[in-house]
**Student:** 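One structure, pasted below without further comment.
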Amino acid sequence: MTKVYEYTSGLAPQIQSFIEEKRALGCKYEKEAMVFSEMDRFLVREGVVTPVLSQMVVEKWVGKRQNEKRKNQRWRLNFTKRFSSYLTLHGYDAYYPEYSISSSDDKCFVPYIFTNQEIADIVAYFNSMEPSRQYPNGHIVFTMLFLTLICCGLRSGEAATLKVKDVDIDNGTLTIRNAKHGKTRCIPVSESIRLKYAEYYEKLHTKSNTEDYFFPNARGNCHHTGAIDSRFKEALWHCGIPYRGRGYGPRVHDLRHTFAVRAMQKIKQEKGNNLIALPYLSVYMGHVNMNGTQQYLHLASEAYPELIEKQQEYLGDTIPTWEV
């Protein structure tokens, strides 16, 4: 369900009409609506009571914040440019920042690829969890939730929002709805995971309806990704895996990177050629196109340096080279 925000600044009507126009064109505009809520509060603090977006206000709004990555500042700048263009088009006084921001000065983040032993230790930690009074089924839910992240390569938000109707135990498939870029996909799971889902279902969902969350929190609602992150950091600490801090990881999302690399390594071992697996992996992981799989390809090429050369011979420029 789309969250409704209330805007109160001097540009509130224009913000609302801009969002409505974008949604009428088929854009979800949920993240943008949330950012507009932040921007609206900023405009109120700056005393903006008329539909005017001045240069001073824009430059203060898009200025780099403490510990902020350049790519986030660049997103906010481009977001503001679109809104300024809209205001100008409709006859309002709005400053349009002509400059651009490069993210080249951001420190390159290197995803953490877990070893087999580290994965085994993380799974063992969750298997050893005890029930709590506040969350009696938490030990069962978190164990299966993290097994899903590890064994299926889902984004944490995708796993958290799975409902009972999305888990087809008989056929061994998961339906991920309204994922990144609004895409829905259906993916197979291994037989061992399918059997674990069956056991999990018998423990938790025999009386559930199809709209209930498959991995419910203590109140039966969807787990917030922040709660999943916190639980993951606890697992890292118990397993003796150093957490290097925000922006350095390891992160929950690195389980997804690890899944991708391990999948390609397994195909390499069993089939002798993982080039043909890349398009399938891209679809499985919910990437819009092969560009979304580039970083995984880079990581795999570190394990198999010949991969880049072979994929260029095989596919030519279908998959471009890149820098990370």
Side-chain angles (χ1 to χ4, degrees), residues 3 5 7 9 11 14-15 18-19 21-23 25-46 48 52-90 92-112 155-157 179-183 225-226 229 244-249 251-254 256-257 282 285-299 319-324:
K3 185 173 181 179
Y5 296 92
Y7 307 109
S9 71
L11 283 164
Q14 290 73 28
I15 291 174
F18 180 61
I19 294 172
E21 180 179 295
K22 290 294 184 180
R23 288 176 174 168
L25 293 172
C27 303
K28 294 176 68 173
Y29 242 63
E30 293 179 359
K31 176 183 177 180
E32 290 82 355
M34 180 182 68
V35 175
F36 264 127
S37 179
E38 179 188 353
M39 183 184 190
D40 186 74
R41 292 194 298 272
F42 169 81
L43 294 174
V44 170
R45 291 195 300 271
E46 293 298 311
V48 177
V52 174
L53 196 59
S54 68
Q55 179 177 352
M56 182 184 70
V57 168
V58 168
E59 291 183 346
K60 189 173 181 180
W61 163 250
V62 302
K64 190 174 185 301
R65 301 169 184 177
Q66 186 176 11
N67 299 323
E68 181 182 46
K69 290 188 175 182
R70 285 291 183 184
K71 67 176 184 180
N72 295 330
Q73 183 191 15
R74 182 178 59 184
W75 188 94
R76 190 167 63 256
L77 172 64
N78 293 334
F79 164 85
T80 306
K81 284 182 176 181
R82 291 191 293 271
F83 185 50
S84 295
S85 296
Y86 172 84
L87 292 173
T88 301
L89 182 65
H90 288 77
Y92 298 101
D93 185 8
Y95 170 70
Y96 182 91
E98 296 289 349
Y99 58 91
S100 60
I101 294 174
S102 170
S103 60
S104 60
D105 60 339
D106 274 343
K107 181 176 178 62
C108 182
F109 181 85
V110 179
Y112 187 94
R155 302 175 179 96
S156 60
K180 195 172 182 179
H181 304 295
K183 301 293 183 180
T225 53
D229 290 340
R244 296 169 293 176
R246 184 176 181 180
Y248 295 91
R251 315 160 300 167
V252 173
H253 199 72
D254 290 328
R256 180 170 159 89
H257 282 276
S282 179
M285 302 195 74
H287 293 151
V288 173
N289 50 47
M290 284 299 297
N291 292 333
T293 319
Q294 287 180 347
Q295 194 167 16
Y296 301 108
L297 179 58
H298 169 73
L299 293 170
I319 304 175
T321 57
W322 66 94
E323 295 180 359
V324 297

**Student:** Could you walk me through whether M34 and K3 pass the side chain to side chain contact (heavy atoms under 4.5 Å, CB included) check?
**Tutor:** CA-CA 9 Å; M34 180 182 68; K3 185 173 181 179; over 6 Å; no
**Student:** Check whether K64 reaches the backbone of E68 with its side chain - one donor and one acceptor, N or O, closer than 3.5 Å.
**Tutor:**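 Present.
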**Student:** Checking side chain to side chain contact (heavy atoms under 4.5 Å, CB included) for the pair V57/F42: CA distance, chi angles, key distance, verdict?
**Tutor:** CA-CA 9 Å; V57 168; F42 169 81; 3.7 Å; yes
**Student:** So, for A33 and R23, which heavy atoms are closest and what is the spacing to 0.1 Å?
**Tutor:**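 The answer is CB-NH2, 3.7 Å.
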**Student:** At what distance, to the nearest 0.5 angstrom, does CE of M39 lie from CH2 of W61?
**Tutor:**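 Going from the CE atom of M39 to the CH2 atom of W61 covers 6.0 Å.
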**Student:** Taking the side chain as every heavy atom from C-beta outward, state whether F79 and V35 have any atom pair closer than 4.5 Å.
**Tutor:**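 Heavy-atom side-chain distance check passes, below 4.5 Å.
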**Student:** For R76 and Q73, which I'm curious about, is there any donor-acceptor pair between the side chains at under 3.5 Å?
**Tutor:**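 Judged by distance alone, the side chains do not pair up.
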**Student:** With a 4.0 Å cut-off on N to O distance, would you call K60 and E46 a salt bridge?
**Tutor:** yes
**Student:** Is the positively charged end of K69 above the ring of W75, judged by distance under 6.0 angstrom from the centroid and angle within 45° of the axis?
**Tutor:** no
**Student:** Taking all non-hydrogen atoms of both residues, which atom of S84 and which atom of A94 are closest, and how far apart?
**Tutor:** O-CB, 3.9 Å
**Student:** For L11 and F83, which heavy atoms make the closest approach, and how far apart are they?
**Tutor:**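 Here L11 and F83 meet closest at CD1-CE2, 4.4 Å.
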**Student:** Rounded to the nearest 0.5 Å, how far apart are OH of Y5 and CD1 of I19?
**Tutor:** 9.5 Å
**Student:** What's the separation between atom CG in L53 and atom OG1 in T88, rounded to the nearest 0.5 Å?
**Tutor:**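 If I round to the nearest 0.5 Å, the distance is 8.5 Å.
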**Student:** To the nearest 0.5 Å, what is the distance between OH on Y112 and CG on D254?
**Tutor:**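 Atom-to-atom, Y112:OH and D254:CG are 9.0 Å apart.
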**Student:** Which is it for F18 and E32 under the side chain to side chain contact (heavy atoms under 4.5 Å, CB included) test, yes or no, and what are the steps along the way?
**Tutor:** CA-CA 10 Å; F18 180 61; E32 290 82 355; over 6 Å; no
**Student:** Assess the residue pair R74 and R70 against the criterion (side chain to side chain contact (heavy atoms under 4.5 Å, CB included)); give the C-alpha distance rounded to whole Å, side-chain angles, the decisive distance to 0.1 Å, and a yes or no.
**Tutor:** CA-CA 6 Å; R74 182 178 59 184; R70 285 291 183 184; 5.9 Å; no
**Student:** Rounded to the nearest 0.5 Å, what separates atom CG in L77 from atom CD in E59?
**Tutor:** 10.5 Å
**Student:** Would a line drawn from the ring center of F36 to the ring center of Y29 be shorter than 6.0 Å?
**Tutor:**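 No, they do not, as the ring centres are separated by 6.0 Å or more.
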**Student:** Could I get the full list of side chain to side chain donor-acceptor pair (under 3.5 Å) partners for Y86, not counting sequence neighbours?
**Tutor:** S17
**Student:** Find the distance between OG (S54) and CG (D93) and round it off to the nearest 0.5 Å.
**Tutor:**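 S54 atom OG to D93 atom CG measures 8.5 Å (nearest 0.5 Å).
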**Student:** Tell me which one of K31, R65, R45 satisfies salt bridge (Lys or Arg N to Asp or Glu O under 4.0 Å) with E38.
**Tutor:**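 That would be R65; it is the only one of K31, R65, R45 passing the salt bridge (Lys or Arg N to Asp or Glu O under 4.0 Å) with E38.
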**Student:** Please list, chain by chain and in numerical order, all residues satisfying side chain to side chain donor-acceptor pair (under 3.5 Å) with S37, sequence neighbours excluded.
**Tutor:** R41
**Student:** If we only count heavy atoms from C-beta on, is the H253 to R155 side-chain gap below 4.5 Å?
**Tutor:**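 Yes; the side chains approach each other to less than 4.5 Å.
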